[in-house]
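Counting convention: from 1, in listed order, for ligands and their atoms alike. Bear in mind that the values here come from a model prediction, so they are computed numbers and not experimental data.
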Amino acid sequence: MINLILFGPPGSGKGTQSAKLVDKYALFHISTGDIFRSEISNQTELGLEAKRFMDGGNLVPDSVTINMLAKHVDAAITQGVKGFIFDGFPRTIPQAEALDMMLAERGLEMNAVLALEVSDDELRTRLLARGATSGRADDTNIDTINNRIQVYKNQTEAVAEHYSKQNKVFNIPGIGEIESIYAALCDVIDSKLQKN
Ligand code: ADP
């Protein structure tokens, strides 16, 4: 079992790279953003609550997010998964602490945090470009995009420090060809797998 976090600001390529990595390593992909969007399109109570925060580029409250994540982790474990890639979670220190505890209670641990590094200007360009085709409300408005980048700095960057203290963070430049970023991520994962 290998458990990874794909970490980085909004628009850093976490979703793109996760999709490639889950195929190669047969890991279970959990994207809290994707789960929330699916709840919104199914018009569930959780979706309606999450939407209020997401549309403004703010985080959904920790209690809501952590409970939802725990359900998805347990459902996947029941199916016998080989490991997880967490994408977009944890985004706050309480979420990171909850994840560490959740894994420990299930006899698991976090193996590596792969942190994609992309400049703010590049993030803005990418998110606006995505918004033009994705229809995502939070990708079309520059104020919302700027707020998400600010929320990342205020609340999420500390998660990297949390895992740095455990020597689990690997910084990967997130600008350039998708394939070369993917290769850099695979190098880290392969070295972790050899040690396991
Ligand atoms: P991106 O990384 O491009 O911002 P995501 O799909 O990961 O996109 O997240 C979209 C939105 O969903 C976030 O701006 C936030 O409102 C909500 N969200 C996703 N994950 C979390 C989380 N772990 N905690 C709180 N809110 C979250």
*Please say whether Arg130 places an N or O atom under 3.5 Å from an N or O atom belonging to ligand 1.*
yes
_Test item: side-chain donor near acceptor, Tyr152 and Asp120, under 3.5 Å_ = no
*Can an N or O of Leu127 be found at a distance shorter than 3.5 Å from an N or O of ligand 1?*
no
*asked:* Tell me whether Lys24 at atom NZ has more than 12 heavy atoms from other residues, nucleotides or ligands lying less than 6.0 Å away.
replied: yes
*Relative to the heavy atoms of Thr65, which atoms of ligand 1 are at a distance of less than 4.0 Å?*
22 (C), 23 (N), 24 (N), 25 (C)
*Starting from atom 20 (N) of ligand 1, which protein heavy atom do you reach first, and at what distance in Å?*
Thr32 OG1, 2.7 Å
*Can you name the nearest heavy-atom pair linking Leu69 to Leu99, along with the distance?*
CD2-CD1, 4.1 Å
_Closest protein heavy atom to atom 26 (N) of ligand 1, given as residue, atom name and distance to 0.1 Å_ = Val60 N, 3.0 Å
*Should we say atom CD1 of Ile178 is surrounded by more than 12 heavy atoms from elsewhere, each under 6.0 Å from it?*
no
_Under 4.0 Å to a heavy atom of Gly11 - the qualifying atoms of ligand 1, by number_ = 3 (O)
*Please check if Leu123 and Ile142 belong to a single hydrophobic cluster, counting links between Ile, Leu, Val, Met, Phe, Trp and Tyr side chain heavy atoms closer than 4.5 Å.*
yes
_Taking distance alone, with N or O pairs closer than 3.5 Å, would you say Asp87 contacts ligand 1?_
no
*Among all protein heavy atoms, pick out the one at the shortest distance from atom 11 (C) of ligand 1; state its residue, atom name and that distance to 0.1 Å.*
Met54 CE, 3.7 Å
*Mind checking whether Pro90 has an N or O less than 3.5 Å away from an N or O of ligand 1?*
no
*Would you confirm whether Lys168, through its side chain, and Met110, through its main-chain N or O, come within 3.5 Å as a donor-acceptor pair?*
yes
*asked:* Judged on heavy-atom distance to atom 5 (P) of ligand 1, which of Arg91, Lys14, Arg126 sits nearest?
replied: Arg91
*Between Asn111 and Met1, what is the shortest heavy-atom contact and its length?*
OD1-O, 4.0 Å
*Just checking, Lys20 and Tyr182: is the charged tip under 6.0 Å from the six-membered ring centre and within 45° of the axis?*
yes
*Flag Asn58 as yes when one of its N or O atoms lies below 3.5 Å from any N or O atom of ligand 1, and as no otherwise.*
yes
*Could you list which atoms of ligand 1 come closer than 4.0 Å to a heavy atom of Arg148?*
1 (P), 3 (O), 4 (O)
*Please work out whether the ring planes of Phe86 and Phe89 are parallel, tilted or perpendicular, with thresholds of 30° and 60°.*
tilted
*Output yes when the distance from some N or O of ligand 1 to some N or O of Ser31 is under 3.5 Å, and no in every other case.*
no
*Identify the protein heavy atom lying closest to atom 27 (C) of ligand 1, giving its residue, its atom name and the separation to 0.1 Å.*
Phe36 CE1, 3.8 Å
_Nearest non-hydrogen protein atom, atom 10 (C) of ligand 1_ = Arg136 NH2, 3.6 Å
_Under a 4.0 angstrom heavy-atom cut-off, which atoms of ligand 1 come close to Arg37?_
6 (O), 10 (C)
*asked:* Under a 3.5 Å cutoff, is there a donor and acceptor pairing between the side chains of Asp34 and His29?
replied: no
*asked:* Counting only heavy atoms closer than 4.0 Å, does ligand 1 sit against the backbone of Gln155, its side chain, both, or neither?
replied: neither
*In ligand 1, which numbered atoms sit nearer than 4.0 Å to a non-hydrogen atom of Gln95?*
22 (C), 23 (N), 24 (N), 25 (C)
_Rounded at 0.5 Å granularity, tell me how far CG in Leu59 sits from CZ in Arg148._
10.5 Å
